[in-house]
Structure formats: C-alpha cells, structure tokens
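First listed ligand is number 1; within each ligand, the first listed atom is number 1.
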Amino acid sequence: MLLAIDCGNTNTVFSIWDGEKFLCTLRTSTHHARTADAYFTWFSTLISHYGIKLDITDVIISSTVPRVVFNLRVFADRFFGCRPIVVGKPECDLPVAVRVDAGTQVGPDRLVNTVAGYDRHGGDLIIVDFGTATTFDVVDTDGAYIGGVISPGVNLSLEALHQSAAALPHIDIGKPQKVIGTNTFECMQSGVFWGYVGLVREICDRIKAERDRPMKVISTGGLAPLFQQSEALYDAFEEDLTMHGLTVIHQHNKDN
Ligand SMILES: Nc1ncnc2c1ncn2[C@@H]1O[C@H](COP(=O)(O)OP(=O)(O)O)[C@@H](O)[C@H]1O
Ligand SMILES: CC(C)(COP(=O)(O)O)[C@@H](O)C(=O)NCCC(=O)O
Ligand SMILES: [K+]
C-alpha cells in the first residue's frame, strides 16, 4: 500500500492508498523538528485506532517545507524499509511539463495539483488551493504547469490584521450576512471574506482573459467550501485533489 504525504506550511496530511481508494486521512501540524520516531508513534496509534493493517510498501512525499523532508525520509526508511519518491527532486518524474522561467522553484504542491487536475479534467484549468497561501495554478491545454498566482492565505490575512493592529482581535473566518459590519468582528470578517470573493473572481477572470479561452476552475483546501457558498466562484471543489495527484505521480514513476 502507498502512503502519500502532503506537507504544507501549516498542516501535514498522511493518506493510505490501497490502489483503489484512500483508507484514511490523518492530519498533523507541520513542524520541521518532529523526528521519524515521533511520526511513527502518532501514525501507528491512529492506524490501529482505525483498524488498518500496517502494510506500507511505498511512500511519496510533497513538501512545501524543505526542512521536514529529512525526517520523513528517515521515517519511510526506518519503519517501512522504503526510499520515498519526493516530488520536485530529480529522481521524481512528472507526467506533465513545467513551463516557467529557467531556475525558478515551483512549489511541489502546485505541481501535484496540476497533475491531479489534468488527470481528472484534462487541460485548460485554473486550480485554486486555499492553504497557508492561496495559490492559483494555471494548467495548459496539454496539462503543463505554466505558472499562476500566489496570494496571502485567508487565515494569514486575518492573523496579519491581529498581529499588526493593537485593537483587532484574533477571529476565525466565516461568511458574513452583509457587507457593512456594525462591530469590529463583523468588519474584519467582511473585509477578508468579501475581499477574498473579489480576489478569486478577479484573478480567475484575468487569467481567462489573458489566455483568451474558457477554463475550468477547480478548488481545493479546507476553506474552499466556505467560498463556494452561493458565490459560484468555481466549477468544482475537490477535497482530495492533492492526494489524488500524489497517487498519479507515484503510479507514473512505477510505470516508467
Ligand atoms: N476545514 C477547515 N476549516 C477552517 N480552517 C481550516 C480548515 N482546513 C484548514 N483550515 C485552516 O486553513 C489554513 C490552511 O490550511 P491547510 O490547507 O492545511 O494549509 P497548508 O496546506 O498550507 O498547510 C490553516 O490556517 C488551517 O488551520
Ligand atoms: C506558495 C506556497 C507557499 C503555498 O504553500 P502552502 O500554502 O500549500 O503551504 C508553496 O507552493 C511554495 O512555497 N511555492 C514556491 C514558489 C512557487 O510556487 O512559485
Ligand atoms: K496546499
């Protein structure tokens, strides 16, 4: 069975793929100092809680945080006796092309999303991922990653207001009923929520205009459903998009 690990700047997600379906999805905070032994203690406890047999033969990792990869490699080697495929490393072949400026580093999560989106929908896509940052990945007709947009994440924007302004509290995002807030909480939620609706709409419209063709918009990430409500910002929301991409890349590397 395949263990797919998607490490973002905030959360690290582990999923077990049996070749047909994901048996479980486990989430922990991303922390570069977490050791291989600590990963295993946490992982094996949850696996036995869900009654899953520990039968991992392959591991694939995508990490936006380079420092965590070392301990994840040790984890794969020590407990499953395998050498993981790490997306973005030369030994990992991608089933799609990457057409960006020479020497630039593309976040591996964005490459994985591109592969997943192309596998499920074909080309001409915009993939919006609501993570620590909100990224827009543009997928060409032939499935190539051709660049995109990086915006501050929803929670990052709220946290920045709180950190930089003495009178602004820490608040959680939600959908406000109206735009004009009548207290600090409502004003902050309105600014970030409706600001984000505008941001997503404007960026997608401009990408489509720049490309001069219709494009399908796919969203993923924990906060994507909140922004879908009645706003019709995207054509589809796919919670497991990044994990699906990891299984496709793994299969591609096994086959080649
Ligand atoms: N279902 C959810 N509801 C509310 N907040 C969420 C949800 N899922 C994730 N978040 C928050 O959204 C932000 C991005 O999370 P995540 O998608 O895991 O980011 P990353 O992939 O960058 O680690 C984090 O601040 C996280 O706490
Ligand atoms: C833009 C990102 C920080 C998003 O990371 P995430 O929100 O998933 O943690 C990550 O994809 C990254 O570090 N990218 C490198 C630069 C680039 O993709 O162009
Ligand atoms: K992400």
Side-chain angles (χ1 to χ4, degrees), residues 4-15 22 25-32 34 39 42 60-69 72 86-89 92 94 96-117 125-140 144-163 170-176 188-189 192-193 195-196 199-200 203 207 218-229 234 237-246 249:
I5 305 175
D6 166 28
C7 175
N9 281 284
T10 305
N11 289 315
T12 300
V13 183
F14 288 58
S15 258
F22 290 109
T25 295
L26 315 173
R27 198 172 263 268
T28 184
S29 57
T30 297
H31 185 41
H32 70 84
R34 187 171 292 122
Y39 279 116
W42 165 81
I60 183 164
I61 300 168
S62 160
S63 179
T64 56
V65 185
R67 288 176 79 183
V68 303
V69 175
L72 287 172
V86 181
V87 178
K89 297 286 175 202
C92 175
L94 290 177
V96 298
V98 180
R99 290 197 280 271
V100 292
D101 297 348
T104 199
Q105 287 287 327
V106 180
D109 54 326
R110 308 179 71 191
L111 300 175
V112 176
N113 284 343
T114 297
V115 169
L125 305 175
I126 301 169
I127 299 171
V128 192
D129 188 333
F130 290 82
T132 308
T134 299
T135 50
F136 297 72
D137 311 321
V138 181
V139 183
D140 207 347
Y145 171 86
I146 56 167
V149 174
I150 300 173
S151 307
V154 175
N155 286 330
L156 204 59
S157 306
L158 283 171
E159 202 47 36
L161 287 174
H162 171 56
Q163 289 295 333
H170 168 85
I171 68 160
D172 290 328
I173 193 64
K175 182 180 179 178
M188 288 173 71
Q189 266 207 345
V192 174
F193 183 88
Y196 243 81
L199 179 146
V200 173
I203 287 176
I207 291 172
I218 312 297
S219 74
T220 191
L223 292 169
L226 180 68
F227 288 93
Q228 179 66 332
Q229 290 172 24
Y234 0 99
F237 162 67
E238 294 177 11
E239 196 175 9
D240 65 346
L241 192 71
T242 312
M243 280 299 162
H244 175 67
L246 286 172
I249 295 171

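Each of the following atoms of ligand 1 lies closer than 4.0 Å to a heavy atom of Phe130: 17 (O). Applying the 4.0 Å criterion to heavy atoms of Arg27 picks out, from ligand 1, the atoms 18 (O). Of all the atoms in ligand 2, the ones that sit under 4.0 Å from a non-hydrogen atom of Gly131 are 7 (O). Contact atoms of ligand 2 toward Arg110: 11 (O), 17 (C), 18 (O), 19 (O) (distance under 4.0 Å to a heavy atom of the residue). The distance from ligand 2 to the heavy atoms of Gly8 drops below 4.0 Å at these ligand atoms: 9 (O). Of all atoms in ligand 1, numbered sequentially from 1 with element shown, those under 4.0 Å from a heavy atom of Gly131 are 14 (C), 17 (O), 19 (O), 22 (O). Residue-ligand proximity, Thr132 to ligand 1, at heavy-atom distances under 4.0 Å covers atoms 14 (C), 19 (O), 20 (P), 22 (O), 23 (O).
Side chain of Tyr234 to main chain of Ala224: a donor-acceptor pair is present (N/O by atom type, distance under 3.5 Å, no hydrogens or angles). Side-chain N or O atoms of Thr30 include one that pairs as donor or acceptor with a backbone N or O of Gly8 at under 3.5 Å.
To the nearest 0.5 angstrom, Ser63 atom OG is 9.5 Å from Lys89 atom NZ. Taken from CG in Asn113 to OG1 in Thr242, the straight-line distance is 4.0 Å, to the nearest 0.5 Å.
Of all heavy-atom pairs spanning Leu246 and Ile5, the tightest one is CD1-O, 3.7 Å. In terms of heavy atoms, Asp172 sits closest to Leu158 at C-CD1, 4.1 Å.
Contacts with ligand 2 closer than 4.0 Å are made by backbone heavy atoms (N, CA, C, O) of Gln105 only, the side chain lying farther away. Here Asn11 has heavy atoms under 4.0 Å from ligand 1 in both its backbone and its side chain.
Nearest to atom 11 (C) of ligand 1 by heavy-atom distance, out of Leu223, Val13, Asn155, is Asn155. Nearest-heavy-atom check against atom 12 (C) of ligand 2 across Gly107, Ser62, Ser151, Gly147 picks out Gly107. Of the candidates Asp109, Asp6, Thr64, Asp129, it is Asp109 that places a heavy atom closest to atom 11 (O) of ligand 2.
Residue Asn9 places at least one N or O, backbone or side chain, under 3.5 Å from an N or O of ligand 2. The distance criterion of under 3.5 Å between nitrogen or oxygen atoms is not met by Val106 with respect to ligand 2. When only interatomic distances are considered, the shortest N/O to N/O separation between Thr10 and ligand 2 does not fall below 3.5 Å.
The aromatic rings of Phe14 and Tyr39 are tilted relative to each other, their planes meeting at an angle between 30° and 60°. Ring planes of Tyr196 and Phe130: tilted class, angle from 30 to 60°.
The environment of CD in Glu159 is crowded: more than 12 heavy-atom neighbours from other residues, nucleotides or ligands sit within 6.0 Å.
No hydrogens or angles considered: nothing links the side chains of Asp129 and Thr220 as a donor-acceptor pair under 3.5 Å.
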